[in-house]
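Here the structure is laid out as structure tokens; the discussion comes afterwards.
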Amino acid sequence: MRITVRDLAEMKRSGQRIAMVTAYDYPLARLLDEAGIPIVLVGDSLGMTALGYETTLPVTLEEMIHHTKAVVRGTQRAMVVADMPFLTYQISSEEAVRNAGRLIQEGGAQAVKLEGGRSVVDQVRRIVAAGIPVMGHLGLLPQSVHQMGGFRVQARAREQIQILIEDALLLREAGIFSLVLEGIPAPVARAVTEILDVPTIGIGAGPHCDGQVQVIADLLHLLPGPLPRHARPFLEAGELIRDALARYAEAVQNGEFPGTAESFQLPKGFDTAWLDDLARQFAERARSSGAG
Ligand SMILES: Nc1nc(=O)c2c([nH]1)NC[C@@H]1CN(c3ccc(C(=O)N[C@@H](CCC(=O)O)C(=O)O)cc3)CN21
Ligand SMILES: CC(C)C(=O)C(=O)O
Ligand SMILES: [Mg+2]
């Protein structure tokens, strides 16, 4: 049985912190599941970390479904949450329910996540009414990157803080089972965490949230270049992988790979002289036809 929304509520109640990590494919989903990560998020960050776009905006519902299927196949225990991509829930509640439903029905996710507060509460209510658990997402909203003028910390002034707390309560009234808080000051996240009766999951939101979420490429430092300030590399996988691949290239170049252990032999007693003779005949034929 997978982790359920009820298990997560119980974790908040008993003060057990919740670790969530993104995954976009089968091998990393398996590793996260085996490591005991209770929530795996198929984030639309896949656009930036797996597909090479500069923002999350180009990611489509079809792409999210495709990657969600792989992550679901790689997990047994974790709850799989799928991000609703840009433009799949903003237009109408009808579209929002249909698209959330596809992530559940075709993708196999157990819940969906979408960005925003008051502007999406009607959609949240309708998706929840269809029986689909919804995770909210407030603060730094990557799908609004152009409006925010970049990936900037939010809710630093009184008016913004008040709006964020109101939005958190509106989302909760609409039925969210959990809330991602991204890129906000730690004391603001602490206040929301105290006010809400469902788990908050922070990223760049300080240590007082009920859980934390990180992007897998940041946790493992897979991509070159600086990490966002909120991230900590728990492994230098990029370096390790680059070094391993350079050793492979070197081993191929100097003829050391493949060795005997990685090669296959003919059955014992096979007449190898026959094969040598066959090769000689074909080589001769190729020469005389002018193809060699
Ligand atoms: N690799 C990766 N990690 C993430 O956490 C992440 C993604 N991609 N893509 C989707 C969103 C976008 N996010 C981001 C991306 C960049 C910053 C960043 O560069 N922040 C600045 C601070 C901004 C400020 O000054 O307010 C930094 O220096 O870390 C933050 C969040 C979070 N998500
Ligand atoms: C950063 C997390 C919360 C996310 O939405 C994503 O990975 O897309
Ligand atoms: Mg996202």
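One-based numbering, in listed order, for ligands and for the atoms of each.
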Would you say ligand 1 has an N or O under 3.5 Å from any N or O of [X]?
X: His230; result: yes
X: Val153; result: yes
X: Thr49; result: no

Side chain to side chain donor-acceptor pair (under 3.5 Å) partner of Asp83, chosen from Gln143, Lys113, His137
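Per the side chain to side chain donor-acceptor pair (under 3.5 Å) rule, the option paired with Asp83 is Lys113, out of Gln143, Lys113, His137.
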Quick one: which ligand 2 atoms are inside 4.0 Å of a heavy atom on [X]?
X: Asp83; value: 4 (C), 5 (O), 6 (C), 8 (O)
X: Ile203; value: 1 (C)
X: Gly43; value: 6 (C), 7 (O), 8 (O)

Any donor-acceptor N/O pair, [X] side chain to [Y] backbone, under 3.5 Å:
X: His67; Y: Tyr24; result: yes
X: Asp25; Y: Leu28; result: yes
X: Arg152; Y: Gly149; result: yes

When you look for heavy atoms under 4.0 Å from ligand 2, do you find them on the side chain of Leu41, its backbone, both, or neither?
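The answer is the side chain.
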Ligand 2 to [X] polar contact by distance, N or O atoms, under 3.5 Å:
X: Ser45; result: yes
X: Thr22; result: no
X: Asp44; result: yes

Considering heavy atoms of the protein only, find what lies nearest to [atom] and give residue, atom and distance to 0.1 Å.
atom: atom 5 (O) of ligand 2; value: Lys113 NZ, 2.8 Å
atom: atom 6 (C) of ligand 1; value: Val215 CG2, 3.9 Å
atom: atom 22 (C) of ligand 1; value: Phe151 O, 4.1 Å
atom: atom 13 (N) of ligand 1; value: Glu182 OE2, 3.5 Å
atom: atom 27 (C) of ligand 1; value: Arg229 N, 3.7 Å

Are any of the side-chain nitrogens in [X] or [Y] under 4.0 Å away from the carboxylate oxygens of its partner?
X: Glu10; Y: Arg13; value: yes
X: Glu166; Y: Arg118; value: yes
X: Arg17; Y: Asp210; value: no
X: Arg287; Y: Glu284; value: yes
X: Arg77; Y: Asp33; value: no
X: Glu62; Y: Arg102; value: yes

Can you find a non-hydrogen atom of Pro142 under 4.0 Å from ligand 1?
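In this structure, Pro142 qualifies as a contact of ligand 1 - some heavy atom is under 4.0 Å.
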Proximal ligand 1 atoms for Met48, defined as those under 4.0 Å from one of its heavy atoms
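Ligand 1 atoms under the 4.0 Å threshold to Met48: 9 (N), 10 (C).
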Please could you name the atoms of ligand 1 that Ile203 approaches to less than 4.0 Å, counting only its heavy atoms?
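Those atoms are 5 (O).
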Looking at non-hydrogen atoms alone, which of Val145, Asp218, Leu140 comes nearest to atom 1 (N) of ligand 1?
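It is Asp218 whose heavy atom sits nearest to atom 1 (N) of ligand 1.
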Identity of the nearest option to atom 7 (C) of ligand 1, non-hydrogen atoms only, from Gly43, Gly183, Pro228, Ser45
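The residue whose heavy atom sits nearest atom 7 (C) of ligand 1 is Ser45.
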Compare every heavy atom of Val59 with every heavy atom of Gly47, then report the nearest pair and how far apart it is.
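For Gly47 and Val59, the tightest heavy-atom pair comes out as CA-CG2, 3.5 Å.
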Heavy atoms only: give me the nearest Val81-Met135 pair and the separation to one decimal.
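Closest heavy-atom pair between Val81 and Met135: CG2-CE, 4.2 Å.
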Strictly under 2.8 Å, is any N, O or S atom of Asp83 next to the Mg ion (ligand 3)?
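Asp83 does place an N, O or S atom closer than 2.8 Å to the Mg ion (ligand 3).
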Going by heavy atoms, is His137 under 4.0 Å from ligand 2?
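True for this residue.
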Run the contact test for Glu115 against ligand 2 with a 4.0 Å cut-off on heavy atoms, strictly below, and give the result.
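False for this residue.
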Counting heavy atoms not belonging to Glu159, are there more than 12 under 6.0 Å from its CD?
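At most 12 heavy atoms, drawn from other residues, nucleotides or ligands, come within 6.0 Å of this atom.
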Pro228 vs Asp218 side-chain heavy atoms within contact, under 4.5 Å:
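The answer is yes; the side chains approach within 4.5 Å.
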Under-4.0 Å heavy-atom contact with ligand 1, by part of Gln214 that carries it:
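Looking at Gln214 and ligand 1, no heavy atom falls under 4.0 Å.
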Is the closest protein non-hydrogen atom to atom 9 (N) of ligand 1 under 4.0 Å?
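It does; a protein heavy atom is within 4.0 Å.
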